[in-house]
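The structure under discussion appears below in the form of structure tokens.
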Amino acid sequence: MAPGARPLLLLAVWTLAAPVLRGAGDTGDGGWYAFSRPVILQRLTDNSRFRALCSRERLLASFGDSVVRLSTANTYSYRKVDLPFQDYVEHLLHPQDPSSLGNDTLYFFGDNDFSEWASLFQHYSPPPFSLLGTTAAYSFGIAGAGSGVPFHWHGPGFSEVIYGRKRWFLYPPEKTPEFHPNKTTLAWLQDVYPTLAPSERPLECTVQAGEVLYFPDRWWHATLNLDTSVFISTFLG
């Protein structure tokens, strides 16, 4: 982590023996304070079976011929491209070129045909939390090192890393970050981040394989895959 960076302050741990949320600032109210800020959750569910099915070899054997829809990795993701999953893995799943613009960077995340991929997703155990009156929506992604999406916001949810590591940068709703919507997170990290005063830097963390990040409603966030990564998000409406 860069000098002056503000690490994510809260760490929640879920254990099957004692399901509790713990973190800095916990006042004994069952962890509700944690949900007003981003929080990393560990040992939340057992997704070892899902992880095994998400290996490169298993995915290509099961879905190599399936057509996937790719989005451009900019804030608005206007452009969509359809191509066989095997072509994406063999030709586009490579480290990010720092000079590439978001509109030129294709990213597999969000536009999944859940009926075609049902044999995989039925093995995923989502976080055991929900919002009353809402139905969770899931988005599955695979991306190369250095890829990610620039700052944007939406409703609350969880993001779990299955393989690899994903770095997150987060600002509360009232603090709009400085960024260009068509420049990648990698370009922002190289060009803008070093110029920020310590007080202007985001909360940040690196989510490891098997960990889940909770992101609150309307929090600005940008992501950066540190390795070739497999991940899945649960949006809570």
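In this chain, residues are counted from 1 in sequence order. The structure displayed is predicted, hence computed values, not measured ones.
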key: Hydrophobic cluster identity match, Tyr193 and Leu101, side-chain contacts under 4.5 Å   = no

inquiry  = So, using salt bridge (Lys or Arg N to Asp or Glu O under 4.0 Å) as the criterion, who are the partners of Arg165 when residues are at least two apart?
reply    = Asp227

request  = Without swapping roles, check the side chain of Tyr171 against the backbone of Glu200 for a donor-acceptor pair under 3.5 Å.
outcome  = yes

task = Could you please spell out the steps behind the side-chain contact (heavy atoms from CB on, under 4.5 Å) verdict for Lys80 and Ser71?
result = CA-CA 5 Å; Lys80 306 287 185 180; Ser71 302; 2.8 Å; yes

task = Considering non-hydrogen atoms only, spot the tightest contact between Val192 and Glu178 and give its length.
result = CG1-O, 3.9 Å

ask   = Considering all heavy atoms of both residues, which atom of Leu60 and which atom of Gln86 are nearest to each other, and what is their separation?
value = CD2-CA, 3.8 Å

inquiry  = With side chain to side chain contact (heavy atoms under 4.5 Å, CB included) as the test, pick out the partner of Tyr88 among Leu70, Val81, Val67.
reply    = Leu70

query = Any donor and acceptor pair, going by atom type alone, linking the side chain of Asn182 with main-chain N or O of Asn103 inside 3.5 Å?
reply = yes

query = Nearest 0.5 Å, what's the CG-SG distance between Leu170 and Cys205?
reply = 6.0 Å

ask   = Does the Tyr163 side chain pair with the main chain of Ala209, one donor and one acceptor, at a distance under 3.5 Å?
value = no

message = To the nearest 0.5 Å, what is the distance between NE2 on His152 and OG1 on Thr75?
response = 8.0 Å

request  = Given ring pair (Phe, Tyr, Trp, His ring centres under 6.0 Å), test Tyr138 with Phe121 step by step and report yes or no.
outcome  = CA-CA 9 Å; Tyr138 305 107; Phe121 297 136; 8.2 Å; no

request  = Please examine the side chains of Pro127 and Tyr214, heavy atoms only from C-beta on, and report whether any two atoms are closer than 4.5 Å.
outcome  = no

query = So which heavy atom on Thr234 is nearest to which on Ala136, and how close?
reply = CG2-CB, 3.8 Å

Atom CG of Asp65 with >12 non-hydrogen neighbours under 6.0 angstrom = no

key: Geometric class of the Phe179/Phe151 ring pair [parallel <30°, tilted 30-60°, perpendicular >60°]   = tilted

inquiry  = Show the nearest heavy-atom pair for residues Leu93 and Gly144, with the distance to one decimal.
reply    = CD1-N, 3.5 Å

request  = Report yes if some heavy atom in the side chain of Phe129 is under 4.5 Å from a heavy atom in the side chain of Val212; otherwise report no.
outcome  = no

ask   = Do we see a donor-acceptor contact under 3.5 Å between the side chains of Thr206 and Lys166?
value = no

request  = Taking the side chain as every heavy atom from C-beta outward, state whether Phe140 and Cys54 have any pair of such atoms under 4.5 Å apart.
outcome  = yes

message = Surrounding CD of Gln190 (heavy atoms of other residues, nucleotides or ligands, distance under 6.0 Å), is the total greater than 12?
response = yes

task = For residues Tyr76 and Pro181, report the shortest heavy-atom separation together with the two atoms involved.
result = CE1-CB, 3.7 Å

Heavy-atom side-chain proximity of Trp220 to Thr176 below 4.5 angstrom = yes

ask   = Can you tell me how far the OG atom of Ser62 sits from the CG atom of Leu120, to the nearest 0.5 Å?
value = 8.0 Å

message = Quick check: do Glu211 and Glu160 have side-chain heavy atoms less than 4.5 Å from each other?
response = no

ask   = Side-chain contact, heavy-atom cut-off 4.5 Å: Pro38 with Pro216?
value = yes

message = Rounded to the nearest 0.5 Å, what separates atom OH in Tyr124 from atom CD1 in Ile162?
response = 6.0 Å

request  = With side-chain contact (heavy atoms from CB on, under 4.5 Å) as the test, would you mind laying out the steps for Leu106 and Leu83 before giving the verdict?
outcome  = CA-CA 11 Å; Leu106 294 174; Leu83 80 169; 6.0 Å; no

key: Atom pair CG (Asp46) and CG (Leu44), whose distance is rounded to the nearest 0.5 Å   = 11.0 Å

Nearest heavy-atom neighbours spanning Thr185 and Thr223 = OG1-O, 3.0 Å

key: Close side-chain approach of Phe50 to Ser125, heavy-atom, < 4.5 Å   = no

key: Pairwise side-chain contact, Ser159 with Phe215, heavy-atom cut-off 4.5 Å (strictly under)   = yes

ask   = According to the interplanar angle, ranging from 0 to 90°, do the rings of Trp117 and Phe63 count as parallel (below 30°), tilted (30 to 60°) or perpendicular (above 60°)?
value = parallel

message = Working to the nearest 0.5 angstrom, can you tell me the gap between Asp97 CG and Thr105 OG1?
response = 8.0 Å

ask   = Short question: side chain of His221, backbone of Trp219 - any donor-acceptor pair under 3.5 Å?
value = yes

task = Go through the steps to decide whether Trp168 and Leu203 satisfy the test side-chain contact (heavy atoms from CB on, under 4.5 Å), and finish with yes or no.
result = CA-CA 8 Å; Trp168 284 70; Leu203 291 175; over 6 Å; no

